[in-house]
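Contents: one structure, followed by commentary.
Only a predicted model underlies this, so the values are computations on that prediction, with no experimental measurement involved.
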Amino acid sequence: MDYQKIISEVYADIIGKENFGKVPDYIPELACIDENKFGINFTDLEHNSFGIGDFEEKFSIQSISKVFALSYVYEKLGEKLWSRVDVEPSGNAFNSLVQLEADHGIPRNPFINAGALVICDILLEICTDPKQELLQFIRDLTDDHQIFFNEKVAASEMQNSFRNAAMCNYMKSFGNIKSQPDAVIELYCHLCSIEMTCKQLSRSFLYLANEGKTPSTDEQILSLSKAKRINAILLTCGFYDESGEFSFLVGLPGKSGVGGGIVAIYPQHYCITVWSPKLNEKGNSYRGMKFLEEFTTQTGESIF
């Protein structure tokens, strides 16, 4: 399969078409990003890597960081994690409060905001310095120590976290948040502010394509069973209430972020990352979704 040729052709086709959607303005620091940025990086388990466009420019990975946090916590806690957060698709917006009442403070899955807040609460319980420990975890996965928090983005998010604060306090009323909500929100905002390139992201997610092992060092990050389960949650819940549509059109496990990034995984083969800041009405990258749909159509490769 000539992936480089396919990626180049699909990229040229997508960039020549209308770029619909809008850059999110509810996080002021993200509203400043050039809406026409567009980058792709492909990395496989044989260490082949190819990028096009703005693939070496850093951007705020936002909710993509939830996959790293989940992996870290799942490896430490094991199956008892699922007593505090479920694994079901939400069917509602990523910041919905409605389901928390119906489900007695247990978030539907770890990738909606409420679920990620619970994961952050667990990080505060099990880590001495959760921000630095998780950042180091990501650096080790990527084999790159030039990965940092963007403090301006974190501050911007904290100043506009009223809805997240409401969810966090509401879950605390059910006993599903153990730490102080302010500390949970502060950690959550920092995780969302992590900046990476498409190239770094596609490399960092290879452990989920490689049965839980980093291909460069053969280190077992997650057991095969846990890696399989995280990929399953990515497939069913990685795109909020557009997860079914992504599975239908693309057919790969993946995760999006409101910074415009999307990571998609073809287990036992490769990881591909797309970045384009303009989002569709569901909060997913417009061009990113279009690119990945056409890419898997051209390759004929999906998990189905």
Side-chain angles (χ1 to χ4, degrees), residues 3-4 6-25 27 30-31 33-43 49-67 93-94 111 192 194-205 208-209 231 234-266 270-299 301-303:
Y3 292 110
Q4 184 167 336
I6 293 170
I7 289 168
S8 298
E9 289 176 350
V10 176
Y11 178 87
D13 178 60
I14 297 293
I15 206 168
K17 294 179 178 177
E18 182 66 43
N19 187 15
F20 292 111
K22 60 177 289 190
V23 176
D25 54 11
I27 303 171
L30 294 186
I33 303 298
D34 181 352
E35 63 183 27
N36 293 310
K37 293 289 183 181
F38 188 24
I40 291 114
N41 188 261
F42 169 98
T43 306
S49 184
F50 170 71
I52 191 169
D54 302 302
F55 72 100
E56 292 189 289
E57 183 169 336
K58 289 190 174 183
F59 63 94
S60 179
I61 69 171
Q62 292 292 314
S63 287
I64 295 172
S65 67
K66 295 172 182 177
V67 185
F94 58 84
F111 297 145
C192 289
I194 292 169
E195 289 188 321
M196 296 174 71
T197 67
C198 289
K199 187 174 183 178
Q200 288 172 326
L201 271 171
S202 63
R203 184 178 175 87
S204 68
F205 269 76
L208 290 174
N231 278 330
L234 287 168
L235 184 69
T236 57
C237 307
F239 293 80
Y240 312 118
D241 49 333
E242 199 174 17
S243 296
E245 185 81 355
F246 187 81
S247 296
F248 179 74
L249 296 174
V250 178
L252 297 175
K255 185 73 191 82
S256 64
V258 296
I262 296 178
V263 177
I265 300 154
Y266 186 28
Y270 58 74
C271 176
I272 186 166
T273 303
V274 186
W275 174 48
S276 179
K278 291 181 81 171
L279 309 180
N280 64 21
E281 61 182 14
K282 299 291 189 180
N284 298 311
S285 171
Y286 176 81
R287 276 181 166 170
M289 298 283 281
K290 292 292 183 184
F291 175 88
L292 288 167
E293 178 186 356
E294 186 59 28
F295 173 75
T296 53
T297 299
Q298 293 288 331
T299 63
E301 294 175 339
S302 76
I303 64 168

Taking all heavy atoms of [X] and all of [Y], pick out the closest pair and write down the distance.
X      : Y      : value
Ile27  : Gln62  : CD1-OE1, 3.8 Å
Pro253 : Leu234 : CB-CB, 3.9 Å
Leu201 : Phe59  : CD1-CZ, 3.7 Å
Ser243 : Gly238 : OG-N, 3.4 Å
Lys282 : Tyr240 : O-CD1, 4.3 Å
Val23  : Glu35  : CG2-CB, 3.6 Å

Around Lys290, counting heavy atoms of other residues, nucleotides and ligands shown, do more than 12 lie under 6.0 Å from its NZ?
no
Look at the side chain of [X] and the backbone N and O of [Y], then say whether any donor-acceptor pair between them is shorter than 3.5 Å.
X      : Y      : value
Trp275 : Ser285 : no
Asn41  : Ser49  : no
Ser247 : Leu235 : yes
Ser202 : Thr273 : no

Test: Lys255 cationic atom under 6.0 Å from Phe111 six-membered ring centre, within 45° of axis:
yes
Quick check for you: to the nearest 0.5 Å, what is the distance between [X] atom [atom1] and [Y] atom [atom2]?
X      : Y      : atom1 : atom2 : value
Ile265 : Leu208 : CD1   : CG    : 4.5 Å
Ile7   : Gln298 : CD1   : CD    : 11.5 Å
Glu294 : Met289 : CD    : CE    : 14.0 Å
Leu252 : Phe246 : CG    : CZ    : 6.0 Å
Leu30  : Asp25  : CG    : CG    : 10.0 Å
Asn36  : Arg287 : CG    : CZ    : 6.0 Å

Tyr270, Tyr11, Phe50, Phe55 screened by ring pair (Phe, Tyr, Trp, His ring centres under 6.0 Å) with Phe42, the one that passes:
Tyr270
Checking side-chain polar atoms at under 3.5 Å, does Tyr266 have a donor or acceptor matched by the opposite partner on Thr299?
no
Residue pair Asn284, Glu245: steps toward the side chain to side chain donor-acceptor pair (under 3.5 Å) verdict:
CA-CA 11 Å; Asn284 298 311; Glu245 185 81 355; over 6 Å; no
Heavy-atom distance under 4.5 Å between the side chains of [X] and [Y], does that happen here?
X     : Y      : answer
Tyr3  : Ile272 : no
Asp13 : Phe291 : no
Thr43 : Phe205 : no
Ile40 : Phe295 : no

With Glu57, which of Lys199, Lys37, Glu195 fulfils side-chain contact (heavy atoms from CB on, under 4.5 Å)?
Lys37
